[in-house]
Amino acid sequence: MNNSDEKSRSLNFIETIIEEDLKNGKNDGRIQTRFPPEPNGYLHIGHAKSICLNFGLAMKYGGKCNLRFDDTNPVTEDVEYVDSIKEDIRWLGFDWEDREYYASDYFHKLYKFAINLIKDGKAYVDDQLVEAISEQRGTLTQHGIESPCRKRSVEENLDLFERMKNGEFAEGSHVLRAKIDMASPNMHMRDPVIYRIKHARHHRTEDQWCIYPMYDFAHGQCDYFEGITHSICTLEFEVHRPLYDWLVDELKDGEYRPRQIEFARLNLSYTIMSKRKLLQLVKNGHVHGWDDPRMPTICGLRRGGYTPESIRYFADKVGVAKRDNVIDVALLEFSIREDLNRRASRVMAVTRPLKVIITNYPDDNVEWLETINNPEDESMGTRTIPFSRELYIEQDDFMENPPKQFFRLSPGNEVRLKSAYIIKCEEIIKDKKGIIKALHCTYDPETRSGKPLSNRKVKSTIHWVSAKHSVPAEIRLYDRLFNKEYPDVVGEEQDFISNLNPDSLQILYGFVEPSLKEANPLDKFQFQRIGYFCVDPDSTSKKLVFNRTVPLKDTWAKIQAKT
RNA sequence: UGUCCCGUGGUGUAAUUGGUAACACGUCUGACUCUGGAUCAGAAAAGUUUAGGUUCGAGCCCUAACGGGACAACCA
């Protein structure tokens with residue numbers, strides 16, 4: 001988006017490491033990264049940061065970035081997720097070319113490595129109960145004690161492990177453990193479990209295996225198999241690094257070794273990012289699906305009108321460091337505004353219609369007026385919009401008793417209708433209950449936009465739509481899902497669900513200009529005061545559906561509060 | 001009573017081999033008015049968690065304390 005400040009930007013700490021490695025000729029100057037999602041959920045804005053980082057680094061330093069599905073746990077994973085993940089990464093604008101890998105591709109290699117470890121006396125089968133193993137592991141402050149199985153002979157271990165693989169044992173009855181150090185201050189080094197039995201069907205290897213490697217026994221090795229140079233992950237894996245290195249050292253043959261680097265994951269204010277909780281929202285029907293525009297998922301943001309460019313820009317602005325952070329969602333909103341301000345077509349819409357009748361305008365006359373699509377970019381061209389005697393304007397654009405700073409329409413006052421005429425409010429039409437039904441106005445024929453006398457100044461310009469020609473539209477205003485009063489949604493499901501904002505979806509029925517009837521679902525539009533919209537790509541109804549993508553800030557309420 | 005990581009304006013990220021805190025978002029003013037919560041102009045806001053130390057000089061180095069986070073799934 002902004003290439004000029006890209007160049008002047010200082011290096012983040014990972015780039016510093018990479019440049020140092022490059023300078024020292026490490027890995028023959030090769031840069032290889034990877035994005036390794038587990039296919040157990042949809043990608044969200046936090047993953048987008050990681051995707052942009054990994055692919056971005058590879059691009060910047062002339063390297064490659066692999067896509068690798070970390071599919072070592074068949075019970076939580078599904079092809080539905082791998083498909084959505086691929087779609088989302090592509091949509092974000094990144095390409096893994098032919099480098100689409102799966103941890104399950106390496107199950108044989110990992111199995112062989114495990115056997116070598118057993119042969120070296122560095123792994124053993126433990127057939128104790130989970131509880132016993134857990135108890136022997138010790139606590140954070142107390143070292144563990146060695147398992148009685150630790151002394152098993154190589155032959156017996158080999159036999160047992162083979163039988164584990166052959167499905168002779170029940171789930172939970174046996175595990176393979178690395179023999180490291182039960183006294184280590186690092187819990188992950190206390191003879192970690194590296195293989196467990198799961199009689200479950202894997203979405204790729206199906207029933208070929210009933211033993212599956214643990215994350216720790218797969219990740220570093222896969223990195224090694226793929227020639228990853230910089231294995232970038234989030235902070236919570238920091239304590240795993242000694243184990244990562246231990247295993248890779250057992251595996252490696254030669255100088256090359258992938259290096260794990262940790263960075264702080266993205267947190268967004270007022271936003272829930274936990275996959276587990278997001279899944280709850282979907283399952284409990286609080287949202288319409290993973291791609292509900294209120295969700296922080298990539299597909300949700302996409303439906304909400306975010307562009308890939310805006311998300312990449314955001315990921316860049318957010319920075320990379322090791323300290324825990326909470327990014328203000330305002331920065332995300334800024335990113336989409338920046339992008340759409342430049343690229344979106346401006347279009348007129350009325351969400352809460354108020355009828356305006358131009359009393360001195362001929363009854364059956366229609367004028368097609370030319371208007372510019374984007375005042376910031378003339379190359380986006382013009383379109384014509386119909387003007388007639390009866391119009392709709394926004395209820396908010398009229399006040400019967402306006403306070404001082406209200407410059408829009410009020411009795412006896414003039415405003416410009418964008419791209420049309422200056423009108424003056426002459427009379428308010430009310431029903432028996434005193435509710436305003438319509439306004440009678442007069443227009444000044446000399447002030448038509450583009451005409452010589454059109455440059456008469458009035459204090460304000462408002463949007464409008466011709467009543468007869470406009471298209472009824474369903475307008476959805478999506479708010480973020482959580483109340484600002486409860487930003488810390490950290491408790492149990494109950495707390496978290498009770499913090500949901502029940503008004504997070506408002507549906508209004510308004511009118512839009514006729515040009516939108518043929519709108520392409522991929523087009524983005526911008527409306528006065530409301531924000532940014534796109535036509536809902538999934539809308540099956542004939543109605544046009546707009547998703548608001550930035551929050552409605554009520555400046556007018558602010559002005560009122562002050563006076 | 002453990003190990004590891006991290007403490008810079010409200011938020012996030014910077015600060016050449018130690019040289020006297022910068023940028024962005026946000027906030028607040030004001031201007032503009034074919035409108036787009038755009039644009040323009042301006043302002044407030046940290047002396048870098050604290051205390052020592054090294055140094056002519058420390059946000060950067062050292063020590064300690066304090067604060068925050070991670071780690072005890074057969075999850076990733």
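By convention in this document, chain letters (A, B, ...) are assigned in the order of the sequence lines, proteins followed by strands, and residues within each chain are numbered from 1. Note that the structure is predicted; figures quoted are calculated from it, not measured. These values consider heavy atoms only, across backbone and side chains, with no hydrogens, waters or symmetry-generated copies.
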What nucleic acid atoms does [X] come within less than 4.0 Å of, heavy atoms only: base, sugar-phosphate, or nothing?
X: A:Val326; result: sugar-phosphate
X: A:Lys198; result: sugar-phosphate
X: A:Thr371; result: nothing
X: A:Val130; result: base
X: A:Arg137; result: sugar-phosphate
X: A:Phe527; result: sugar-phosphate
X: A:Val175; result: base
X: A:His188; result: sugar-phosphate
X: A:His143; result: nothing
X: A:Glu171; result: nothing
X: A:Gln128; result: base

Distance, rounded to the nearest Å, where [X] contributes [atom1] and [N] contributes [atom2]:
X: A:Gln136; N: B:C74; atom1: CD; atom2: P; value: 12 Å
X: A:Glu333; N: B:G12; atom1: CD; atom2: P; value: 17 Å
X: A:Tyr215; N: B:C74; atom1: OH; atom2: P; value: 16 Å
X: A:Leu11; N: B:A22; atom1: CG; atom2: P; value: 21 Å
X: A:Ile372; N: B:A38; atom1: CD1; atom2: P; value: 19 Å
X: A:Arg34; N: B:A76; atom1: CZ; atom2: P; value: 15 Å

(request) Kindly label the base of B:A73 as syn or anti, based on whether its glycosidic torsion lies within 90° of 0. (result) syn

(request) Decide, for B:G10, between syn and anti: a glycosidic angle within 90° of 0 counts as syn, anything else as anti. (result) anti

Can you identify which nucleotide, out of [options], has its nearest atom closest to the [X] side chain?
X: A:Ala321; options: B:U13, B:C71, B:C74; result: B:U13
X: A:Thr141; options: B:C75, B:U1, B:U11; result: B:U1
X: A:Asn12; options: B:A73, B:G36, B:A14; result: B:A14
X: A:Asn73; options: B:G26, B:A76, B:C5; result: B:A76
X: A:Val239; options: B:A76, B:U13, B:C71; result: B:C71
X: A:Met187; options: B:C71, B:A73, B:G36; result: B:C71
X: A:Leu140; options: B:A72, B:A14, B:C34; result: B:A72
X: A:Thr72; options: B:A76, B:G12, B:C74; result: B:A76
X: A:Asp324; options: B:A70, B:G2, B:G69; result: B:G69
X: A:Met214; options: B:G36, B:A73, B:C25; result: B:A73

Using a strict cut-off of less than 4.0 Å between a Lys/Arg side-chain nitrogen and an Asp/Glu carboxylate oxygen, indicate whether [X] and [Y] qualify as a salt bridge.
X: A:Arg196; Y: A:Glu171; result: no
X: A:Arg68; Y: A:Asp105; result: no
X: A:Arg456; Y: A:Glu414; result: yes
X: A:Arg342; Y: A:Glu376; result: no
X: A:Asp339; Y: A:Arg343; result: yes
X: A:Lys424; Y: A:Asp444; result: no

(request) Identify which one of A:Arg276, A:Lys275, A:Glu77 satisfies the side chain to side chain donor-acceptor pair (under 3.5 Å) criterion when paired with A:Asn40. (result) A:Lys275

(request) Take atom NE2 of A:His203 as the centre, draw a 6.0 Å sphere, and report whether it contains more than 12 heavy atoms from other residues, nucleotides or ligands. (result) yes

(message) Between A:Lys322 and A:Glu236, which residue's closest nucleotide on RNA chain B lies nearer the 5′ terminus?
(response) A:Lys322

Under 4.0 Å between a side-chain N/O of [X] and OP1 or OP2 of [N], yes or no?
X: A:Arg196; N: B:C75; answer: yes
X: A:Thr76; N: B:A76; answer: no
X: A:Arg337; N: B:A38; answer: yes
X: A:Arg241; N: B:A70; answer: no

(message) Please tell me whether A:Gln260 and A:Tyr244 have a donor and an acceptor in their side chains that are separated by less than 3.5 angstrom.
(response) no

For the [atom1] atoms, the ones on [N] and on [M], what distance do you get once it is rounded to whole angstrom?
N: B:U20; M: B:C6; atom1: P; answer: 26 Å
N: B:C62; M: B:A58; atom1: C1'; answer: 11 Å
N: B:A46; M: B:C5; atom1: C1'; answer: 24 Å
N: B:G10; M: B:A44; atom1: P; answer: 15 Å
N: B:G69; M: B:A76; atom1: P; answer: 26 Å
N: B:C71; M: B:U1; atom1: P; answer: 22 Å
N: B:A21; M: B:G12; atom1: C1'; answer: 16 Å
N: B:G53; M: B:C60; atom1: P; answer: 14 Å

(message) Going by salt bridge (Lys or Arg N to Asp or Glu O under 4.0 Å), A:Asp397 matches just one of A:Arg416, A:Arg408, A:Arg352. Which one?
(response) A:Arg408

(request) Can you check whether any acceptor in the base of B:A76 is under 3.5 Å from a donor in the side chain of A:His240, or vice versa? (result) yes

(message) Using the rule given for side-chain contact (heavy atoms from CB on, under 4.5 Å), can you reason through A:Arg383 versus A:Ile385, listing the C-alpha separation, both sets of side-chain angles and the distance that settles it, and then say yes or no?
(response) CA-CA 7 Å; A:Arg383 67 184 186 287; A:Ile385 45 173; 4.0 Å; yes

(request) Find the runs of at least 3 consecutive base pairs, i with j, i+1 with j-1 and so on, that include RNA chain B, using Watson-Crick or G-U wobble geometry with both distances under 3.5 Å. (result) B:2-7 with B:66-71, B:10-13 with B:22-25, B:27-31 with B:39-43, B:49-53 with B:61-65

